[in-house]
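Predicted model only: the values in this text are computed from it and were never measured. One-based numbering, in listed order, for ligands and for the atoms of each.
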Amino acid sequence: MTPVTQALQQRISVRAYLDRPVPQALVRELLDTARWSPSGGNLQPWRVIAVAGKEREAVCDLAANGSWSGAGPEDGGYALYPPSLWEPHRSRRYELGEQMYALLGIAREDKEGRLRQFAANYRFFDAPVGLFFIIDKRMGHGQWAHIGMFMQSVMLAAVELGLATCPQEAWGVYRGRLHKHLGLAAAEMVYCGMALGYADPDAPVNQLRSERASVDEFASLRGFD
Ligand SMILES: Cc1cc2nc3c(=O)[nH]c(=O)nc-3n(C[C@H](O)[C@H](O)[C@H](O)COP(=O)(O)O)c2cc1C
């Protein structure tokens, strides 16, 4: 297997981390690798703010340290998913949730338990580093795709460095206060957060292996002999 295939298969969303700091030099190395991501017209429409230590704490405080109780997105926010999600996406989302809560032993009726688990997003699942991916609101659909590619590059490069990640759109809920706290320009917005650290190998939630549709379900290969 090539290292790329390996990294693609090894990368998972890690939702529990060891209490082990990630040195600044390693975060820099990670971003130095990821910056080779492609983007249309080479616009490189991304900006990253990495927070550790007190800066990380301040951001978590902003989000009430994971005591989130189901509030909707603030100003400048948008729904994480389209309303009335349709098939097959609806079932995929449902199954992921069921798989995760089963591993955590949180029952369907345990609304509080589920909320608590979701709220852990706002502590970066206890990862020592948080990354925020920032885009200029004047950018179009294309550039949104490109920042996504950049994030995938960060996540794959992290695997190579022995680091784990979890992309976190959940931070979008606090887009308004993050904008102010991070001192973003008027046109900028936080698209997504990301937890970064060393995976806790013993945490049950990290046993989660989400499924994927087969190639035949999403691709049609035409005109081949
Ligand atoms: C852009 C993006 C945002 C995400 N936001 C969250 C999030 O806020 N919280 C979370 O626990 N997982 C989040 N995820 C993780 C997805 O649930 C996960 O990628 C998906 O279930 C596939 O699992 P895998 O990453 O382990 O392969 C996000 C993933 C992406 C790509």
Is the closest heavy-atom distance from [X] to ligand 1 below 4.0 Å?
| X | answer |
| --- | --- |
| Arg212 | yes |
| Phe125 | yes |
| Arg209 | no |

* Mind listing the closest non-hydrogen atom pair of Asp200 and Leu18 along with its distance? =>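 Closest pair (atom of Asp200, atom of Leu18, distance): CA-CD2, 3.7 Å.
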* Could you name the option among Gly172, Pro167, Ser210 that has the heavy atom nearest to atom 14 (N) of ligand 1? => Pro167
Does a side-chain heavy-atom distance below 4.5 Å link [X] with [Y]?
| X | Y | answer |
| --- | --- | --- |
| Phe150 | Trp36 | no |
| Asp19 | Asp126 | no |
| Ile134 | Tyr191 | no |

* Go through the steps to decide whether Arg92 and Glu87 satisfy the test salt bridge (Lys or Arg N to Asp or Glu O under 4.0 Å), and finish with yes or no. => CA-CA 8 Å; Arg92 290 176 185 163; Glu87 293 299 342; over 6 Å; no
* Are Phe133 and Trp46 near enough that their ring centres are under 6.0 Å apart? ->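 No - the distance between ring centres of Phe133 and Trp46 does not fall below the 6.0 Å cut-off.
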* Please check if the distance between the ring centroids of Tyr122 and Tyr174 is under 6.0 Å. =>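 Yes - the distance between ring centres of Tyr122 and Tyr174 falls below the 6.0 Å cut-off.
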Return the residue, atom name and 0.1 Å-rounded distance of the protein heavy atom closest to [atom].
| atom | value |
| --- | --- |
| atom 5 (N) of ligand 1 | Glu169 N, 2.9 Å |
| atom 17 (O) of ligand 1 | Arg15 NH2, 3.2 Å |
| atom 18 (C) of ligand 1 | Ser13 OG, 3.5 Å |
| atom 9 (N) of ligand 1 | Asn121 OD1, 2.9 Å |

Ligand 1 atoms in contact with [X] (distance to a heavy atom under 4.0 Å):
| X | result |
| --- | --- |
| Ile12 | 26 (O) |
| Ala170 | 8 (O) |
| Leu96 | 17 (O), 21 (O) |
| Tyr191 | 1 (C) |

* Step-by-step side chain to side chain donor-acceptor pair (under 3.5 Å) determination, Arg212 to Ser210 -> CA-CA 7 Å; Arg212 294 295 188 275; Ser210 59; 2.7 Å; yes
* Asked: Does the protein place any heavy atom closer than 4.0 Å to atom 28 (C) of ligand 1?
  ->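 Within 4.0 Å of atom 28 (C) of ligand 1, protein heavy atoms are found.
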* Asked: Where the side chain of Asn121 meets the backbone of Phe118, is there a donor-acceptor pair that is under 3.5 Å apart?
  ->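 Such a contact is found between Asn121 side chain and Phe118 backbone.
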